[in-house]
Number of protein chains: 4
Amino acid sequence: MGVVKSKRMPRAVREQQMLDAAVEIFGQRGYMAASMDEIAELAGVSKPLVYLYLNSKEDLFTACIRREAAALTEAVRTGVRTELPVDRQLWDGLLAFFTHTSLHPHAWSVLHLQARIHGEAFVAEVNAMREEIVAFVTQLIVVAAREAHRDPDLPEREVAGLAEALVGAAESLAAWANATPGVTARQSAATLMNFAWAGLGNLMEGRPWIPEAVGAESAPVQVSG
Amino acid sequence: MGVVKSKRMPRAVREQQMLDAAVEIFGQRGYMAASMDEIAELAGVSKPLVYLYLNSKEDLFTACIRREAAALTEAVRTGVRTELPVDRQLWDGLLAFFTHTSLHPHAWSVLHLQARIHGEAFVAEVNAMREEIVAFVTQLIVVAAREAHRDPDLPEREVAGLAEALVGAAESLAAWANATPGVTARQSAATLMNFAWAGLGNLMEGRPWIPEAVGAESAPVQVSG
Amino acid sequence: MGVVKSKRMPRAVREQQMLDAAVEIFGQRGYMAASMDEIAELAGVSKPLVYLYLNSKEDLFTACIRREAAALTEAVRTGVRTELPVDRQLWDGLLAFFTHTSLHPHAWSVLHLQARIHGEAFVAEVNAMREEIVAFVTQLIVVAAREAHRDPDLPEREVAGLAEALVGAAESLAAWANATPGVTARQSAATLMNFAWAGLGNLMEGRPWIPEAVGAESAPVQVSG
Amino acid sequence: MGVVKSKRMPRAVREQQMLDAAVEIFGQRGYMAASMDEIAELAGVSKPLVYLYLNSKEDLFTACIRREAAALTEAVRTGVRTELPVDRQLWDGLLAFFTHTSLHPHAWSVLHLQARIHGEAFVAEVNAMREEIVAFVTQLIVVAAREAHRDPDLPEREVAGLAEALVGAAESLAAWANATPGVTARQSAATLMNFAWAGLGNLMEGRPWIPEAVGAESAPVQVSG
DNA sequence: CATGAATGAGAGTTCATTCAT
DNA sequence: CATGAATGAACTCTCATTCAT
């Protein structure tokens with residue numbers, strides 16, 4: 001007989017429903033254009049209850065960012081096994097990243113677009129997540145350099161820039177993939193992996209990086225035919 | 001004795017002042033949080049005059065995007081000479097890009113962050129610019145492939161992904177550089193050029209791309225010592 | 001000790017208070033000159049509450065028209081008994097009409113003056129009421145013609161013009177009576193009844209229409225002494 | 001080569017052009033919705049010039065009312081010859097009235113609708129005109145009564161009411177005729193003349209007032225066949 | 001616990017009106 | 001004379017937020 005409006009749910013559950021609704025609305029409309037009315041309605045509760053549990057619009061937005069940032073980093077962390085070679089680690093991380101962002105486009109919109117343009121407080125929340133990922137990538141680069149028998153003490157700023165560029169490329173690619181029908185997470189990961197590992201120069205010379213044995217069901221996108 | 005509030009200026013001049021103020025406020029606060037009052041005050045005029053000349057908040061924002069997008073593409077176009085080799089073209093383009101974005105951080109914020117999240121109309125304006133740059137990069141990739149004696153018919157979707165990743169990386173890097181004190185445009189360009197041209201793999205093996213004879217006043221950032 | 005500002009009233013009651021205030025302000029100032037601020041203040045509530053319940057200035061105005069039009073037609077309908085002779089029906093209708101308009105001058109101003117000059121939407125609302133009254137009068141004329149043994153098929157356009165003239169005279173007379181101190185509803189009704197039923201010609205010849213036994217407390221206004 | 005924008009016209013001419021434009025705009029939009037910008041543009045002059053000549057929006061509106069009221073009363077006055085019988089005088093007056101209002105619908109809208117709802121000042125202007133017409137009608141009634149050998153001292157209030165009703169009927173009929181395609185001034189005049197002179201009662205008995213020899217090209221509308 | 005009732009503050013927008021040239 | 005430049009004031013409407021029940 002339609003949706004049953006369940007009453008008297010435990011607080012923790014209600015809070016999650018509110019956050020679900022908030023992420024969807026914030027992701028679609030943006031922070032400022034989102035209205036508490038709409039969020040409360042989508043969550044199926046009254047507005048004062050939202051305030052009772054989450055305090056204010058800012059706090060609600062912060063809670064969204066925190067929850068979604070944790071979920072994304074957890075997804076990437078789970079996808080990577082540190083006992084594997086570094087290139088495999090990078091591949092697994094990218095795949096986990098693009099998979100998660102494509103499964104939760106509103107959440108990604110909140111983290112990537114909305115949070116960065118509304119006040120230092122929100123940016124700080126996102127940066128906590130971002131730094132964890134950048135740190136992971138930075139460490140990969142350092143380890144890779146060491147394995148290549150090269151001086152492990154790469155200039156810090158240089159490594160930071162490289163990691164930043166890689167993460168930034170991934171973020172932009174994720175937004176583009178979400179907005180472009182037909183682009184799979186695996187394709188995005190392959191494109192960026194090729195780009196990052198081999199560089200345009202090597203790609204031109206026919207030496208793309210190839211994910212070996214990463215599941216046969218769909219070969220990574222390659223430059224050469 | 002301080003700022004002289006000049007009155008009765010010709011329309012064209014006043015319009016530019018308004019756009020200057022609008023870009024700064026939009027860049028700082030974001031489209032929705034920016035108020036027409038604040039913009040008018042910063043421009044040194046009354047609010048009705050802003051409406052008389054620019055019609056509405058949306059039109060004002062659109063005018064900002066158009067002006068700044070044109071300025072950025074013009075800067076890049078001017079910086080590149082097509083008779084030079086492709087790697088040099090990419091380098092010059094990157095340098096012009098990072099130089100311009102670092103000189104006009106608010107404008108870059110408007111184009112990169114604000115414009116992308118407020119309605120299809122604004123996105124379309126930015127995309128016109130973005131596509132010009134992506135087209136430039138795409139053509140560089142195709143030419144590079146041809147010069148490397150490889151099949152010039154790279155898969156379209158693949159090239160689009162690569163260009164997107166490169167432009168996305170550049171955009172993120174620009175935002176990061178603006179937010180990180182002490183990072184010069186030249187350093188950003190060098191980091192991305194290395195990343196793009198050699199790839200992480202090659203970088204690890206000590207084969208960075210090096211901008212030859214690009215002015216001695218400041219050596220390009222290198223990975224190796 | 002004066003007006004008690006009751007708070008927390010049920011929605012239906014508040015809405016009527018708002019409509020009361022709106023009719024008064026619209027009637028005094030006119031649609032455009034009336035401000036929502038003033039209406040809200042007179043209603044004893046804040047402006048947002050007016051918008052919450054009535055949506056917009058247009059909707060508020062439409063609601064006023066609808067309520068007052070319904071009240072007026074109801075008053076006329078209740079005052080007339082169709083089993084009586086047609087002249088008596090006309091008299092009763094006129095008396096009910098002038099009584100109602102004199103008791104609710106602002107409402108009459110809204111219906112007669114304000115609503116007719118602000119957009120087709122409002123005019124349509126008023127016309128629905130007007131047509132009901134014009135139809136009533138038209139039918140009276142047709143029945144009267146039939147009873148006078150005359151061809152019942154009066155030219156339609158002619159009857160329409162007569163009904164329009166009669167209703168128009170009544171409307172103008174109502175406005176004039178409201179603006180002229182000392183004119184009672186009964187006097188207005190008598191004047192128009194004489195005019196309509198006997199015509200100036202008959203009046204001149206000393207043959208006014210006389211409401212028989214319509215209560216002795218106040219004889220109808222007569223032309224002759 | 002299109003409209004030539006003549007410059008340096010004498011003040012009196014310019015003023016008339018402004019009034020022409022103002023009457024049209026006020027008639028279409030209403031007093032409040034009309035903008036000085038639009039009026040100035042339609043008049044083909046700059047806004048400050050309008051203020052230089054006509055002072056303010058209120059003064060401009062008052063000037064419109066005065067001019068159009070004078071034009072209307074002049075038209076009626078010219079149409080009537082006092083040496084003719086009173087019924088003929090009424091007929092001629094009605095015909096002149098309906099002819100003028102149908103030729104200048106915007107002016108009539110200004111006088112009939114707009115002026116009555118925007119402040120005492122405007123109403124006073126219109127009433128000056130209205131009273132002249134009412135006085136004319138009143139005098140007709142008095143003369144008619146005297147000719148019918150009846151007591152010439154009709155109760156003043158009664159005569160005023162009759163005149164008001166007649167003028168009100170005429171006004172409503174004029175508005176209705178302007179809004180109803182196919183209704184000529186002559187038809188409106190005939191309808192009202194029948195109504196006024198004979199009354200519904202007499203009309204029912206087949207005794208309409210008939211304008212004798214008032215031009216054969218179009219017989220007056222009659223109730224009987 | 002949960003909610004209908006209510007609001008202070010501020011947004012974008014428009015307009016009659018006036019200087020300075 | 002005539003006008004482009006400029007504004008103070010007011011408007012409709014929205015929203016995050018809080019009581020009282």
Side-chain angles (χ1 to χ4, degrees), chain A residues 5 7-11 14 32-40 45-60, chain B residues 5-15 32-40 43-60, chain C residues 5-15 32-40 44-60, chain D residues 5 7-11 14 32-40 44-60:
Chain A
K5 210 172 181 180
K7 302 232 166 191
R8 300 278 160 177
M9 311 191 45
R11 170 164 180 157
R14 270 276 148 86
M32 298 241 51
S35 90
M36 296 296 272
D37 272 298
E38 205 177 357
I39 291 171
V45 300
S46 71
K47 212 171 13 167
L49 196 58
V50 178
Y51 278 88
L52 185 64
Y53 284 175
L54 275 315
N55 267 333
S56 72
K57 194 184 187 183
E58 272 200 42
D59 284 4
L60 173 57
Chain B
K5 207 172 181 180
S6 358
K7 304 230 164 191
R8 303 275 155 179
M9 316 201 32
R11 171 168 181 154
V13 176
R14 271 277 189 262
E15 273 191 19
M32 298 238 57
S35 92
M36 296 297 271
D37 270 299
E38 204 177 357
I39 291 171
V45 299
S46 70
K47 210 169 20 163
L49 198 59
V50 178
Y51 278 88
L52 186 63
Y53 286 173
L54 276 313
N55 274 332
S56 71
K57 196 183 187 183
E58 270 200 45
D59 283 5
L60 173 58
Chain C
K5 207 171 181 180
S6 359
K7 303 228 165 194
R8 302 277 155 177
M9 317 200 33
R11 172 168 181 155
V13 176
R14 271 277 189 261
E15 273 192 18
M32 299 237 57
S35 92
M36 296 298 271
D37 271 300
E38 204 177 359
I39 291 172
V45 299
S46 71
K47 212 175 9 169
L49 198 59
V50 178
Y51 277 90
L52 186 62
Y53 286 174
L54 276 314
N55 274 331
S56 72
K57 195 182 187 183
E58 269 199 48
D59 283 7
L60 173 57
Chain D
K5 210 171 179 181
K7 302 230 165 191
R8 301 278 162 176
M9 313 192 42
R11 169 164 182 158
R14 270 275 149 86
M32 298 242 51
S35 90
M36 297 296 273
D37 272 298
E38 204 176 359
I39 291 171
V45 301
S46 71
K47 212 167 21 163
L49 196 58
V50 177
Y51 278 87
L52 185 64
Y53 286 175
L54 276 315
N55 265 332
S56 72
K57 194 184 188 183
E58 271 199 44
D59 284 4
L60 172 58

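Each chain gets a letter, A, B and so on, in the order the sequences are listed, and its residues count up from 1.
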> Of the non-hydrogen atoms in A:Arg11 and A:Leu52, which two are nearest, and what is the gap between them?
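So the two residues come closest at NH2-O, 4.2 Å.
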> May I have the distance from B:Glu15 (atom CD) to F:dA6 (atom C1'), rounded to whole angstrom?
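Distance check: B:Glu15 CD to F:dA6 C1' gives 14 Å.
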> Ignoring backbone atoms, test whether B:Arg14 places a side-chain nitrogen or oxygen under 4.0 Å from the OP1 or OP2 oxygen of F:dA6.
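B:Arg14 to F:dA6 OP1/OP2: side-chain N or O found under 4.0 Å.
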> What is the distance from atom CD1 of B:Ile39 to atom CG of B:Leu60, rounded to the nearest 0.5 Å?
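Rounded to the nearest 0.5 Å, the CD1-CG separation comes out at 5.0 Å.
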> Among C:Arg14, C:Met36, C:Lys57, which one satisfies side chain to side chain contact (heavy atoms under 4.5 Å, CB included) with C:Val50?
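Option passing the side chain to side chain contact (heavy atoms under 4.5 Å, CB included) with C:Val50: C:Met36.
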> Please report, rounded to the nearest Å, how far the C1' atom of E:dT14 is from the CD atom of D:Glu38.
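Answer to the nearest Å: 14 Å.
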> Please check the phosphate of F:dC1 (OP1 and OP2 only) for any side-chain N or O of D:Tyr53 closer than 4.0 Å.
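The answer is no; no side-chain N or O of D:Tyr53 sits under 4.0 Å from OP1 or OP2.
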> Rounding to an integer number of Å, can you tell me how far C:Leu52 CG sits from E:dA5 C1'?
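These atoms are roughly 9 Å apart.
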> Do you know which two heavy atoms are closest between D:Ser46 and D:Ala40, and how far apart they sit?
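That would be C-CB, 4.2 Å.
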> Produce a footprint string for nucleotides 14-21 of chain F: one letter per nucleotide, 5' end first; B if the base is under 4.0 Å from any protein heavy atom, S if only the sugar-phosphate is, - if neither.
BBSBBBS-
> Find the runs of at least 3 consecutive base pairs, i with j, i+1 with j-1 and so on, that include DNA chain F, using Watson-Crick or G-U wobble geometry with both distances under 3.5 Å.
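Stems (3+ consecutive pairs) listed as E:2-21 with F:2-21.
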